[in-house]
Amino acid sequence: MDLKAESDDNLDCERPAPIEVFASRSTLHGIAHMFTYERVCIKRCLWIVFFIGSFSFLVLVCVDRVQFYLQYPHVTKLDEVTAPMMTFPAVTFCNLNAFRFSRVTRNDLYHAGELLALLNGRYEIRDTHLVEESVLETLKVKADFLTFKPRPFNMREFYDRTGHDIKDMLLSCYYRGVECSAEDFTVVTLRQKTHQSKTRSL
């Protein structure tokens with residue numbers, strides 16, 4: 001038994017295939033022409049130049065597109081229409097604070113204090129640590145119901161009385177060169193919920 005011959009056969013089996021074999025079986029376009037058994041040097045060099053050039057162009061385009069994406073480009077389209085006469089638009093003023101605390105009375109606080117998130121279910125002041133000191137003092141006086149006799153309460157009247165007034169918010173108003181005032185605006189009601197919204201009627 002020839003141990004040396006058997007050992008040489010095992011080494012041949014474990015030896016990786018040459019690059020030419022891999023290139024001939026690869027689906028990467030052009031690599032089979034760069035690594036071939038042919039000895040034509042000019043053809044191989046041309047394929048190498050074409051492959052490196054194409055790959056470099058691919059990397060360049062990818063980098064350019066990534067940089068363009070990171071710029072977050074946007075397109076703004078503006079259409080301008082000339083109109084000699086325009087109807088005064090509906091203008092709405094909405095305040096995140098729907099009610100003026102200075103206009104809230106003790107009777108309002110008694111009936112709607114929990115709705116306004118000022119009192120809890122036991123008519124006690126909620127989250128006193130979050131309330132400003134000046135507001136807290138006023139709230140303590142209004143929330144004193146020991147000798148208070150509640151009167152009828154109307155939610156619509158409460159909205160109208162404690163809501164923001166256009167006279168306090170409108171600093172100046174001009175339309176078509178003519179001055180307008182708070183009297184040109186009216187309160188509107190949307191979805192059964194009154195907002196201090198003003199619409200000029202022309």
Side-chain angles (χ1 to χ4, degrees), residues 63-202:
V63 172
D64 178 71
R65 292 298 87 191
V66 170
Q67 291 177 346
F68 180 75
Y69 173 77
L70 295 178
Q71 293 175 359
Y72 301 102
H74 58 278
V75 177
T76 302
K77 183 178 180 181
L78 178 63
D79 295 329
E80 183 176 348
V81 179
T82 303
M85 297 292 293
M86 291 183 60
T87 305
F88 190 86
V91 183
T92 304
F93 301 89
C94 297
N95 197 310
L96 295 178
N97 183 15
F99 310 104
R100 289 178 290 177
F101 179 73
S102 60
R103 303 299 299 272
V104 177
T105 64
R106 183 174 298 176
N107 190 64
D108 298 333
L109 202 61
Y110 181 85
H111 291 283
E114 189 174 359
L115 176 64
L116 300 176
L118 296 175
L119 304 179
N120 56 24
R122 299 187 299 273
Y123 296 96
E124 299 173 347
I125 301 175
R126 294 178 51 182
D127 303 325
T128 56
H129 61 286
L130 301 177
V131 185
E132 297 180 6
E133 185 175 352
S134 58
V135 177
L136 182 60
E137 294 298 326
T138 306
L139 189 58
K140 287 181 179 179
V141 175
K142 293 183 178 182
D144 184 7
F145 304 118
L146 292 179
T147 59
F148 175 70
K149 295 182 179 180
R151 301 184 304 276
F153 177 78
N154 184 280
M155 197 65 184
R156 180 174 294 277
E157 186 274 336
F158 172 74
Y159 268 93
D160 294 338
R161 177 168 44 83
T162 61
H164 295 274
D165 194 348
I166 186 64
K167 295 180 180 179
D168 300 331
M169 297 186 291
L170 185 63
L171 300 180
S172 63
C173 175
Y174 287 90
Y175 181 67
R176 284 193 237 162
V178 180
E179 185 178 5
C180 49
S181 62
E183 284 70 22
D184 297 315
F185 295 80
T186 55
V187 179
V188 298
T189 304
L190 300 175
R191 296 182 182 179
Q192 306 300 323
K193 191 173 183 180
T194 302
H195 297 274
Q196 288 300 320
S197 305
K198 310 297 178 178
T199 305
R200 184 181 182 187
S201 302
L202 292 179

Open item on the list: Please check if the number of heavy atoms outside E132 that lie under 6.0 Å from its CD is greater than 12.
Closed with: no
What is the minimum heavy-atom distance between [X] and [Y], and which atoms define it?
{"X": "L119", "Y": "R126", "value": "O-CD, 3.1 Å"}
{"X": "T162", "Y": "F158", "value": "OG1-O, 2.6 Å"}
{"X": "C180", "Y": "Y174", "value": "SG-N, 3.7 Å"}
{"X": "K140", "Y": "I125", "value": "CG-CD1, 3.7 Å"}
{"X": "P150", "Y": "H111", "value": "CB-NE2, 4.0 Å"}
{"X": "I166", "Y": "A182", "value": "CG2-CB, 3.7 Å"}

Open item on the list: Working note: E114 + R122, criterion side-chain contact (heavy atoms from CB on, under 4.5 Å); need CA distance, chi angles, decisive distance, verdict.
Closed with: CA-CA 9 Å; E114 189 174 359; R122 299 187 299 273; over 6 Å; no
Task: Test item: F185 and L170 side chains (from C-beta on) under 4.5 Å apart, heavy atoms - done: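 Contact flag for F185/L170 side chains = yes.
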Task: Side-chain donor/acceptor of D127 to backbone N/O of L130, under 3.5 Å - done: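 No; judged by distance alone, with no hydrogens or angles, the pair does not exist.
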Task: K142 side-chain N/O to L109 backbone N/O, donor-acceptor pair under 3.5 Å - done: no
Between [atom1] of [X] and [atom2] of [Y], what distance do you get to the nearest 0.5 Å?
{"X": "D165", "Y": "D160", "atom1": "CG", "atom2": "CG", "value": "10.5 Å"}
{"X": "F99", "Y": "L115", "atom1": "CZ", "atom2": "CG", "value": "6.5 Å"}
{"X": "D108", "Y": "M155", "atom1": "CG", "atom2": "CE", "value": "9.0 Å"}
{"X": "N154", "Y": "Y159", "atom1": "CG", "atom2": "OH", "value": "12.0 Å"}

Task: Evaluation steps, side-chain contact (heavy atoms from CB on, under 4.5 Å), between V141 and R106 - done: CA-CA 8 Å; V141 175; R106 183 174 298 176; 4.0 Å; yes
TODO: Could you walk me through whether L139 and F101 pass side-chain contact (heavy atoms from CB on, under 4.5 Å), step by step?
DONE: CA-CA 9 Å; L139 189 58; F101 179 73; 3.9 Å; yes
Open item on the list: Less than 6.0 angstrom separating the ring centers of Y110 and F153, yes or no?
Closed with: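 For Y110 and F153, the ring centres are not under 6.0 Å apart.
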